[in-house]
Amino acid sequence: MAGNKIYTCSGAVLKCSQGTSNGSLVVTPKSVTLCRQQQANICDHVSIANIRPFGRCRSLAYPPTAAATAAHHGHLTPMPCVPGTPFNWSIIDANSIICGKPALLNTAKLRCVYGGEITIVNPGQNLETTGAEKIEIKENEVSVLRFSWATEDATQSRSLCLHTSLQEGAQLLVKLGKRVYPTVVGRKGVAQVRNIDVSEVNLDIAEKAADKAANSTVEVPVKAKTVNTQVVNTTTISQPVNSDWCDPVANPRIRRNSPSNLFGKVRRDANGNPRNHQGFDYYAPTGTPVMSVGDGVIHTIQHGHSSYGLNVTIRHSRGNGTVYSFYAHLNDLAGNLKVGKVIRKGEVIAHAGTTGNATGFTGEDQHLHFECRTSPGHQLGLGGKENPNSIVATKFTAESLKSGRK
């Protein structure tokens, strides 16, 4: 407290106009403390990390409450709260700075996107009116017994289904990287998480979850306790770990060992002007197995393109972004290849051919045209392209071709 200003710190008691009970504030660690607690600034607004749930949400703007109310024929049915607080607390005194941002005063307010107004009941300074010590939020890490993918008929979008031991109606926060997906557990302990791309999830978690379930000595899942303000169920889904890339063909070599079949301005038109080549041409006689250069998901399969013939595009995770591998002039596809299928690094996806503008090519000119794309669509020039050396195991340059090195 300073004069008539009352600063807020970790442990403050919060109230939401749409919640059924008080919540609390957990301050992101800083270099400033107050009453032996971390002092807050206006950026301490992140749902769950800073702003803990307010029991159940009564707002019909909150999707779980709206759905539950509709299922109960219009009778208001509040569901477990997951605050929607993407914006800063209101600025009351910009002259008090904590770690570069205005300090949080007890008169500040925070808006929830679901219609609630969050206020500070007690600033957490151990004043006589404090109730912060009575609110203890515990995180209960939940194990996923197994998972599956479900397709929604209306949109044909895919959802990740987590099979847990929680009771129907329990709140579950699914952590994936830096994002948190609030869900409500449905029948038989299944929580459905929408808007997750299969390429975002570690492809090994299915096998690991299955092994864990098989080795478990618990035959009947233990029911979870009823969710309340003091308990937040969470589970963490691992993301793909970038592994080394491989080559699209075994024993890779560039068509005719010519730099003109590499990436960039490596070709000439009839007038001798530079002309772009958008990828690598690998020597690949018809029938040569073509492999995915990394773990990914089939993004596009196209038949009969005038230039590329039968071609496939695969989407891969790379760092915090996405990259696409592109395979053209194919003869046929392998197995039940289809859009949306999860593909492993080194898995055969097709066989090389002479389709598109490679029709009639024979001998040393038979090839696989391979591209590294930053966007999946066909583009003229080098737009949306990278040198394939960025995602293949064997690197080729004009100098290495001349010297016979790779």
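- Screening Lys101, Arg52, Lys30 for a salt bridge (Lys or Arg N to Asp or Glu O under 4.0 Å) involving Asp44 leaves a single residue, Lys30.
- Between the side chain of Asn122 and the backbone N or O of Gly124, at least one donor-acceptor pair lies under 3.5 Å.
- Using modelled atom types, one side-chain atom of His277 and one backbone atom of Gly279 make a donor-acceptor pair closer than 3.5 Å.
- In this structure, the ring of His299 has its center less than 6.0 angstrom from the ring center of Tyr324.
- Going from atom CH2 of Trp245 over to atom SG of Cys372 covers 7.5 Å, rounded to the nearest 0.5 Å.
- No hydrogens or angles considered: nothing links the side chains of Asn106 and Thr8 as a donor-acceptor pair under 3.5 Å.
- Taking the ring centroids of His378 and Phe326, they lie under the 6.0 Å cut-off.
- The backbone N or O of Ala66 lies less than 3.5 Å from no partner atom in the side chain of Thr69, so there is not a single donor-acceptor pair.
- Side-chain N/O atoms of His351 and Asp332 include a donor and acceptor closer than 3.5 Å.
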Carefully, step by step, assess Asp281 and Arg267 under the rule salt bridge (charged side-chain N to carboxylate O under 4.0 Å, His left out).
-> CA-CA 13 Å; Asp281 283 353; Arg267 295 185 172 178; 3.2 Å; yes
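- Side-chain polar atoms of Gln379 and Ser375 form a donor-acceptor pair below 3.5 angstrom.
- With ring centers used as reference points, Phe396 lies 6.0 Å or more from Phe263.
- Put simply, the side chain of Thr322 never gets that close to the backbone of Ser317: no donor and acceptor are under 3.5 Å apart.
- Here the side chain of Tyr62 pairs a donor or acceptor atom with the backbone of Pro80 at under 3.5 angstrom.
- For the 3.5 Å distance criterion, the side chains of Ser325 and Glu371 fail to qualify, holding no donor opposite an acceptor.
- Side-chain atoms of Asn331 and Thr355 form no donor-acceptor pair, as typed in the model, at a separation below 3.5 Å.
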